[in-house]
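Taking it in order: structure first as structure tokens, then the write-up.
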Amino acid sequence: MARAYDAQAIEQKWQARWRDEGTFEVDNDDPRPPFYALCMYPYPSGAAHQGHVRNYTFGDLVTRYQRMQGKAVLSPLGFDSFGLPAENAAIRTGTHPRAFTDARIAELKNSLVRLGAVYDWRREVRSHDPSYIHWNQVIFLRFLEAGLAYRANAPVNWCPGCQTVLANEQVLADGTCERSGDQVVTRDLEQWFFRITRYADELLDALDALEWPERVKVMQRNWIGRSEGAEMDLAVVGHPGRILTVFTTRPDTTFGMTYAVMAPEHPLVDELTTDECRPAVEELRQRVATESEIQRMSSAEAGPALEKRGAFTGSYVVNPFSGAEVPLYVADYVLMRYGTGAIMAVPAEDQRDWVFAKLHDLPVVRTVEPPPGWEEQGGEAYAGDGRKINSGFLDGLGIAEAKEKAIEHLETRGIGRRTVNYRLRDWLVSRQRFWGCPIPIVHCPDHGPVPVPEDQLPVLAPTDVEFLPTGQSPLAHHEGFLHTTCPVCGKPATRETDTMDTFVDSSWYFLRFCDPFDADEPVEPGAALRWMPVDQYIGGIEHAILHLMYARFYTRALIDVGLAPDDLPREPFRRLFTQGMIRMDGSKMSKSKGNLIAPSRYYETVGADALRLFHLFVGPPADDFDWTDQTDEVIEGCARFLDRLWRLVEGAGPEGGQGGPLAAGAAGGRAPSRTGGRTAEDDAVRRATHRTVEQVTGDIERWSYNTAVAHCMELANLLRGYARTDPHAQVLGEGCDALLQLLAPMAPHLTCELWERRHGSRLEDQRWPSFDPALVVEETVTMVVQVNGKVRDRLDVPATIGEEEARAAALASERVVAALGGVEPTRVVVRAPRLVNVVTA
RNA sequence: GCCCGGAUGGCGGAAUCGGUAGACGCGGAGGCCUCAAAAGCCUUUGCCCGCAAGGGCGUGCGGGUUCGAGUCCCGCUCCGGGCACCA
């Protein structure tokens with residue numbers, strides 16, 4: 001494809017200038033109003049893929065646009081450089097993870113530079129930088145002091161093949177390890193946790209005020225899973241003084257409790273199981289113990305037969321409202337980690353209990369009157385609202401009132417209390433891996449886990465390690481690293497060999513960017529107060545829950561332990577935009593799927609500007625996009641547009657409009673030289689220019705980049721036609737300038753080059769164009785005339801036309817008269833100046 | 001199962017407040033330029049009937065509200081995503 005200009009030469013020229021001049025570096029004392037634009041901390045997987053290109057094109061557009069709006073824009077970038085792939089590569093090839101990772105970072109950085117994405121690279125942070133590790137460890141120890149970090153025994157996903165704990169995301173739906181394929185089992189291990197649950201309410205409540213996509217907020221609300229209800233203490237028959245505490249969100253249904261259930265791991269199972277029931281209960285507990293939680297959760301369909309899922313203990317508990325003695329079961333559908341690990345079962349109002357009750361022939365007592373016909377239609381558990389029945393002092397009430405009254409009753413009698421439960425669990429941060437931030441703890445035989453003193457931080461992993469495919473972290477076998485002395489007593493002790501979850505690194509990097517040079521503290525208060533919160537955060541929907549939740553938690557925790565200023569906003573990301581995925585043949589385009597289309601091949605042909613424009617133009621930024629066989633043609637269409645833009649602007653000549661030689665291929669062949677008074681057509685072009693400025697500004701503000709590009713194309717098309725006539729030099733020049741300014745954040749290299757050729761000045765220093773409100777109102781509009789709702793005529797009328805004139809003009813139309821066929825209108829709806837509807841019926 | 005999205009020409013998409021459906025681009029057709037091609041430029045392009053003028057149909061399906069519905073309401077179908085024993 002023959003190009004009008006040399007994209008590669010121009011792109012290299014401007015990229016070099018931006019780098020050498022530090023054009024987009026920003027100092028913390030910059031007097032302009034601050035704007036913090038941030039793309040999510042990328043994992044350095046090598047050269048950028050199209051998903052990166054899309055993400056960084058959006059981010060770069062925001063940066064450049066806000067800068068043109070007169071803001072001091074902080075646009076930093078760093079690398080989430082810890083993680084498993086580097087370690088796997090080390091095992092496979094013998095390369096040290098650091099060398100592997102640094103090479104990948106260089107590649108990714110290079111492909112972002114070639115995209116024309118601009119950052120203040122002085123602020124670059126990498127997770128594996130010793131200084132970042134240092135502050136990560138300081139933060140960990142402060143969390144520990146504040147009780148926000150703690151060590152506990154916990155059931156975890158353990159892969160016997162890999163000899164390591166897995167994150168939930170690494171366990172597939174069938175309960176196998178995504179890497180080795182081994183069946184993952186649940187194991188109890190001593191692990192480090194962060195107490196994110198302390199912030200559950202705040203993290204939930206603060207969501208309302210965030211300018212985030214609603215679906216992300218919904219996902220976070222579900223993840224936190226706050227549910228309000230009551231705990232109640234059940235007396236156990238034949239075990240005086242023994243109580244079984246259950247949690248319910250439906251205390252109003254207590255009269256309908258016809259049995260109770262404990263989780264298989266419940267501490268009272270042994271004591272409350274009678275000898276004749278013990279074999280069945282034991283069998284159940286054995287099975288559950290060897291299953292991972294994921295398997296257990298899916299056992300409803302794939303697991304053992306339903307009736308095997310529960311077993312009678314032989315004991316009975318007392319229904320606290322009715323006094324009835326009801327059987328106590330153990331069943332795998334009750335989870336130890338949620339609530340109290342035991343439930344009262346109300347089959348009439350809970351579908352799970354219903355299914356279980358039917359299988360075990362347990363009675364059903366309805367406490368809410370179902371709607372008429374419910375039973376006849378085969379209705380099972382009824383969870384909807386209705387009048388209370390069979391419920392003694394609650395009879396006749398609605399559910400909400402009955403709940404309140406039931407809780408009061410429990411509290412008055414001292415056998416229960418109002419309780420809130422959360423689905424959210426504390427964050428397990430231990431990882432049995434090498435390529436992560438070491439946890440700065442020493443285990444002393446006498447003093448237990450002891451923090452490494454702050455003046456001995458950072459604890460760095462040794463470099464002389466061997467990577468073997470044993471699945472074990474090399475740290476656990478490195479004698480030099482492992483053996484140390486106890487900071488308290490000086491006796492021999494061993495280091496903690498676990499590292500931190502890599503989500504730790506991405507939980508506060510945005511705070512470090514504010515002043516990454518500060519050697520005294522992780523977060524420099526003045527800088528953080530100046531830049532935070534992030535004004536626009538951009539990333540993938542896949543981080544909707546974990547990363548965004550952890551970052552929200554970290555920001556609060558850092559403030560509360562005194563590592564960030566008290567008056568720092570507690571929400572780190574004011575506005576969030578989640579971009580759509582790029583798919584190919586129905587699945588996500590990704591390295592692991594092997595369906596990447598490398599951006600470099602477009603840099604080398606159509607250029608980065610064309611690729612950027614394509615990603616902006618192809619559809620709404622929030623929507624997924626399918627990469628197909630036709631995609632290359634669309635990219636070429638974008639390149640063609642840029643070619644035409646080049647010819648148009650070059651043809652318009654330099655500033656002043658004295659007419660330069662028209663570039664080869666430009667239609668018309670005549671330089672615009674007319675000045676002085678303007679014709680009606682000149683004015684129409686001016687109006688179109690100003691209207692386009694208005695439209696594109698609005699488009700960009702509401703993330704409608706595809707229409708922003710379309711509106712620019714429209715103006716360019718108009719100007720090309722105008723340039724072929726006898727254009728007014730200033731009018732054409734104004735149109736071209738506006739177009740270059742509007743496109744500057746989208747196709748920066750080309751527009752900077754054209755601007756420099758036209759004006760000899762720098763487009764990066766220009767302000768975003770403004771429009772004259774008087775010029776965006778149209779003089780004449782097309783008025784649609786309908787007869788009974790069908791369009792019969794279109795009339796050009798003055799925009800200021802009055803209702804009566806519009807009516808008269810419409811009724812005078814020949815086409816309208818013909819369509820009426822002599823029938824008298826019964827009504828004429830006039831919406832001047834756009835529409836008249838003549839109604840006969 | 002529950003909770004969100006979405007469905008518009010051959011394709012990606014546009015229509016910001018209930019008022020011209022299909023902006024912009026891709027693809028297609030025809031033409032100019034050329035010995036020829038590529039590139040570029042111009043015209044045209046929702047579907048159907050018609051030589052034309054013109055007419056009819058048309059935003060997943062069925063109803064409704066309205067002078068007027070892609071847009072609002074009710075009931076479905078299909079597709080995509082999230083959650084899924086959380087008591």
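Chain letters run A, B, ... following the sequence lines, proteins first and then strands; every chain starts at 1.
- Under the Watson-Crick and G-U wobble criteria, each requiring two contacts below 3.5 Å, nucleotide B:G58 is left unpaired.
- Comparing A:Gly721 and A:Val839 against RNA chain B, the residue whose closest nucleotide sits nearer the 5' end is A:Gly721.
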Could I get a table of every N or O pair under 3.5 Å where one atom is in the protein and the other is in nucleotides 69-75 of chain B?
none

Output a table of donor-acceptor pairs, distance under 3.5 Å, between side-chain atoms of residues 799-809 of chain A and any protein atom two or more places apart or on a different chain; print 'none' if there are none.
from	atom 1	to	atom 2	distance (Å)
A:Glu805	OE1	A:Gly802	N	3.0

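- Ion pairing of A:Asp208 with A:Arg221 is present here, as a side-chain N (NZ or NE/NH1/NH2) and a carboxylate O approach within less than 4.0 Å.
- The phosphate of B:C67 (OP1 or OP2) has no side-chain N or O of A:Arg831 nearer than 4.0 angstrom.
- Between A:Trp703 and A:Tyr705, the ring centre distance stays below 6.0 Å.
- The salt bridge (Lys or Arg N to Asp or Glu O under 4.0 Å) contacts involving residues 689-710 of chain A comprise A:Asp699-A:Arg702, where partners must be two or more places apart or lie in separate chains.
- Across every strand in view, B:A21 sits unpaired, with no contact that passes the Watson-Crick or G-U test at under 3.5 angstrom.
- Proximity of A:Lys790 to the phosphate of B:C57: a side-chain N or O atom is located under 4.0 Å from OP1 or OP2.
- Counting any heavy atom pair closer than 4.0 Å across all strands shown, A:Val618 reaches sugar-phosphate atoms only and no base atom.
- Nearest to the side chain of A:Arg215, among B:G81, B:A15, B:G80, sits B:G81.
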How would you summarise protein contacts on nucleotides 21-26 of chain B per nucleotide, using B for base, S for sugar-phosphate only and - for none, with heavy-atom distances below 4.0 Å? S-BBSS
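- Judged by the 6.0 Å and 45° rule, A:Arg423 forms a cation-pi pair with A:Trp223.
- For A:Arg720, whose side chain is taken as the heavy atoms from C-beta onward, the closest listed nucleotide among B:C41, B:A87, B:G13 is B:C41.
- Evaluation of atom-type donor-acceptor distances gives no pair under 3.5 Å for the side chain of A:Arg834 against the base of B:G19.
- The listed nucleotides are B:A87, B:A15, B:G55; the one nearest the side chain of A:Arg702 is B:A15.
- Proximity note for A:Arg423 (side chain, C-beta onward) versus B:G12, B:A84, B:U16: the nearest is B:A84.
- Nearest to the side-chain atoms of A:Val784 among the listed nucleotides B:A87, B:U20, B:G12 stands B:U20.
- Summarising the base pairing, B:G50 is matched to no nucleotide, lacking a Watson-Crick or G-U wobble pair whose two defining distances lie under 3.5 Å.
- The closest donor-acceptor contact from the side chain of A:Asn319 to the backbone of A:Phe321 lies under 3.5 Å.
- Of the candidate nucleotides B:A87, B:A84, B:G19, B:A87 has the atom lying nearest to any side-chain atom of A:Phe247.
- Nucleotide B:A15 is matched to nothing when pairs are restricted to Watson-Crick or G-U wobble geometry with both distances under 3.5 angstrom.
- OP1 or OP2 of B:G80 has not a single side-chain nitrogen or oxygen of A:Arg583 nearer than 4.0 Å.
- For B:G5, the paired base is B:C79 (Watson-Crick or G-U wobble, both distances below 3.5 Å).
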Identify every side-chain donor-acceptor pair in residues 243-258 of chain A under 3.5 Å, counting partners at least two apart or on other chains, and give the distances.
from	atom 1	to	atom 2	distance (Å)
A:Thr245	OG1	A:Asp233	OD1	3.0
A:Thr248	OG1	A:Arg250	N	2.9
A:Arg250	NE	A:Asp252	OD1	3.0
A:Arg250	NH2	A:Asp252	OD2	3.1
A:Asp252	OD2	A:Lys388	NZ	2.7
A:Thr253	OG1	A:Arg250	O	2.7
A:Thr254	OG1	A:Pro251	O	2.5
A:Thr258	OG1	A:Pro363	O	2.8

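- Aromatic pair A:Phe625/A:Phe614: centroids less than 6.0 angstrom apart.
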Short heteroatom pairs, N/O only, protein and nucleotides 43-45 of chain B, under 3.5 Å:
none

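- Summary of the strand contacts: A:Thr782 and A:Thr628 both lie near RNA chain B, and taking for each the nucleotide with the nearest heavy atom, the more 5' one is attributed to A:Thr628.
- A pairwise comparison of heavy atoms in A:Ala738 and A:Val693 identifies CB-CG2, 4.1 Å as the closest pair.
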